[in-house]
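Presented below is the structure to which this report refers.
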There are 4 protein chains.
Amino acid sequence: METNILRGAEKVFAEFGFHGSTMDRIADNVGISKQNLLYYYPSKERLYRTVLQNIVDLWLERMTFADEPSQSPEQIIANYVRGKLELSRDYPTASKVFAMEVIAGAPIIKDYLQTRLKPLFDKDIKLVRRWVRNKQLSSIKPEHLFFSIWAMTQTYADFSVQIELMMGKPKLEQKDFDHATEFLTTMILRGIVDPK
Amino acid sequence: METNILRGAEKVFAEFGFHGSTMDRIADNVGISKQNLLYYYPSKERLYRTVLQNIVDLWLERMTFADEPSQSPEQIIANYVRGKLELSRDYPTASKVFAMEVIAGAPIIKDYLQTRLKPLFDKDIKLVRRWVRNKQLSSIKPEHLFFSIWAMTQTYADFSVQIELMMGKPKLEQKDFDHATEFLTTMILRGIVDPK
Amino acid sequence: METNILRGAEKVFAEFGFHGSTMDRIADNVGISKQNLLYYYPSKERLYRTVLQNIVDLWLERMTFADEPSQSPEQIIANYVRGKLELSRDYPTASKVFAMEVIAGAPIIKDYLQTRLKPLFDKDIKLVRRWVRNKQLSSIKPEHLFFSIWAMTQTYADFSVQIELMMGKPKLEQKDFDHATEFLTTMILRGIVDPK
Amino acid sequence: METNILRGAEKVFAEFGFHGSTMDRIADNVGISKQNLLYYYPSKERLYRTVLQNIVDLWLERMTFADEPSQSPEQIIANYVRGKLELSRDYPTASKVFAMEVIAGAPIIKDYLQTRLKPLFDKDIKLVRRWVRNKQLSSIKPEHLFFSIWAMTQTYADFSVQIELMMGKPKLEQKDFDHATEFLTTMILRGIVDPK
DNA sequence: GATGAATGAGAATTCATTCAT
DNA sequence: CATGAATGAATTCTCATTCAT
């Protein structure tokens, strides 16, 4: 039941934002009464926090490099992009809720990002810097590489409506994600690795 | 006065979303009374639509290539990226309002995007296709190029809080936008132009 | 168990009044679950009535003179005052619940007071009148004697917070009740008995 | 309007206590809409505090001796009792609200009593002590004199229902207050002044 | 233009109570 | 006896909006 609720709530939060979502609508969406919803989550904010927490946990796990020392920078980055795109494909509403929270100034998860994401980010930055020093990558600012990858991959979830509109189709298909993967990995890798 | 109101409203809408923004807060932000605000804009939705309209106009103008037949693809794309980044730097709240609207499913501006942006987008796509055909660009899917550029440039406005957190600074500076410009243009161009 | 519940409920009712008391809080106070509380008392009003019933029974028993024909008026009145003060000392929360009920207009116990207390009161009034006729007491209105005694003795329970505040101590002690007894009996008896 | 509201609210608070009073009922009582009530007092607690504040101000003013150095202790005390009884007669609902607040532990006005009433009380206590030392009064504990007078005079407001029930009349009349005044002043003065 | 007063339509909670197990 | 789940009926409070001045 709790899982059902969280799924339904996530969908509503993604569409209406925190303030625009009503407990009534969420309850409807889950198929229970508003009071029963409040039985499980004693307040809207608590429910939102729980939804957000789950999302952030899922997110953090994939916002940093998998530690695979045996792989080349190219392989690691390609895998990373692929993983992020899969996340956008499989959890689009989660991505939207996360996006809205951050755009609105991350009032709830600021601390969490600071204490949890930042250290992992710093570690990854160092790794990319080493690759640059070793001439495995061209001379780039690693921070911006990450901001770009995050943006480009998450946009397929967050801005899906715009993308669908531009593509002239009602829903993104697997094929589109394949193309995105192909495009992004190719562009990024060619863009940041010096030609031999 | 109207301009003042729109500026204030935009800021509030960016932070709280449509539903989370109250006429009271907007009025406060502008420095007038709620009733006076309603004198200028007879309803909250009307105010929101006006804000959004202004944003979209600004946006559309820059979401497509400037028509400069004398320039090379590289120059056009580089200018485009630069322009989009300037927009993010100069109108971050506008960008956020636009982003929230689109993430929420573009309930208000869907039609507008369909009728106004889509044709321009199609035209640009054709242009890029021609460049590809002429081997001026490598063999890429043009749609994804646009989605990526939009995402990467707008992220400096929309996700500024996250970026600032990761950079460990309270506010993005001109220098950061310079680095972003440098990084993005370099990566994109190297990424989509075959080495000679 | 029932006794435990009644004790806990009385405490809560005394602090929050009928409307301000929740079954949850009472259950908490007793150390059982709300549903279990409802197993013993099927409704909040039923519980309140029971609490009140017990209090009123205790009260009525002491709101009238003990029938001791062998004693002098002075002795009877002194004993009465003493007894009422002991009641305030030993059952302060009961007194408070009773007080709140009466102040609020006695919606529940009006009938009970009418049918049970009134006759006893009338009997006592007659007795005091006889004493007055016999010159054992000075010429007073007996009703007001009772209202005064009730008020003065119950105030040590009902207004204990104010009294403690004025006395500058966290809790009334036995000594304070001794002083009150001494003061009240002396003042009352000197006040209503003609000096010889 | 504000005065109307406060009067109506006082009546409702006196009958139902803070928790039992609803904004709806108060609004009804005043003859305005609930929302309009909230326009004037933005929350129930704020309204209650205001009502209580007014009452306490009225109360404090009369809970201590008027400073009349020219008068004898007997005169001062008699006037004091008279004044308190008038207060009970003229502001019975105010008295009830005050009583309920104190009985419930004075959650709101504890501080106020501590900082405002206590100093005045201490001053009066000292004055009575001097009278005792000067043999103008018999050897009594002054604190208890005050607690008793407060209780005896306020009971005609707070416990009016019980008193009316015992007197067998629907409402206390001026005559009853005259009798109470007569009874109380006589009993108290004879009770605390040594016969000459 | 500007502002005080008023209100209808929600929305989040609270809480007593019921039901099934 | 005890407890998790569920709900109807309030109740407080918010907020856009209207109206009169």
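Here is the naming used below: chain letters follow the sequence lines, and residue numbers restart at 1 for every chain.
If you take NZ of A:Lys44 and P of E:dG10, they are 15 Å apart, rounded to a whole angstrom. Atom CG of D:Asp24 and atom P of E:dG8 are 12 Å apart (whole Å). Taking atom CG of residue B:Leu38 and atom P of nucleotide E:dT3, one finds them 13 Å apart after rounding to whole Å. A:Ile26 has its CD1 atom 12 Å from the P atom of E:dA11, to the nearest Å. In this structure, B:Ile5 atom CD1 and E:dG1 atom C1' are separated by 12 Å, rounded to whole Å. D:Tyr39 places its OH atom 21 Å from the P atom of E:dA9, with the value rounded to the nearest Å. As a whole-Å value, the separation of A:Arg46 CZ from E:dA12 P is 17 Å. Here the C1' atom of nucleotide E:dG1 and the CG atom of B:Asn4 are 15 Å apart, to the nearest Å.
Judged by distance alone, the side chain of C:Glu101 and the main-chain N or O of C:Leu52 form no donor-acceptor pair under 3.5 Å. Under a 3.5 Å cut-off, the side chain of D:Ser21 and the backbone N or O of D:Val12 do form a donor-acceptor pair.
Using a cut-off of 4.0 Å between Lys/Arg side-chain N and Asp/Glu carboxylate O, B:Glu45 and B:Arg49 are scored as salt-bridged.
Using a 4.5 Å heavy-atom threshold, the side chains of D:Gln162 and C:Leu117 count as touching. In this structure, A:Gln154 and A:Trp59 have side chains that are in contact, with non-hydrogen atoms separated by less than 4.5 Å. Considering only heavy atoms from C-beta on, A:Ile103 comes within 4.5 Å of B:Ile103 through its side chain. Annotation: side chain of D:Gln53 is in contact with side chain of D:Tyr112 (closest heavy-atom distance under 4.5 Å). Side-chain atoms of B:Ile109 and B:Val102, non-hydrogen and from C-beta on, do get closer than 4.5 Å to each other. Within the 4.5 Å cutoff, the side chain of C:Phe159 has heavy atoms near those of the D:Asp158 side chain.
Residue whose closest nucleotide on DNA chain E sits further toward the 5' end, between A:Gln35 and D:Asn36: D:Asn36. Closest-nucleotide positions on DNA chain F for B:Ser43 and A:Leu37 were compared, and the one nearer the 5' end corresponds to A:Leu37. Nearer to the 5' terminus of DNA chain E, by closest-nucleotide assignment, is the contact made by B:Ser33 (compared with the other of C:Lys34 and B:Ser33).
The stretch residues 10-22 of chain B touches DNA chain F through B:Ser21, B:Thr22, each having a heavy atom under 4.0 angstrom from the strand.
Taking 4.0 Å as the cutoff to heavy atoms of chain D, we find the contact window on DNA chain F bounded by F:dT11 to F:dT14.
Taking OH of C:Tyr39 as the reference point, atom CD1 of C:Ile5 lies at 11.0 Å (rounded to 0.5 Å).
Checked by atom type, the side-chain pair C:Glu10/C:Tyr91 shows no donor-acceptor distance below 3.5 Å.
Between B:Phe13 and B:Tyr48, the two ring planes are perpendicular [angle over 60°; tilted spans 30° to 60°].
Here B:Tyr40 lies in heavy-atom contact (under 4.0 Å) with sugar-phosphate atoms only.
Remark: DNA chain E forms stems of 3 or more consecutive Watson-Crick or G-U wobble pairs, all pair distances under 3.5 Å, at E:2-21 with F:2-21.
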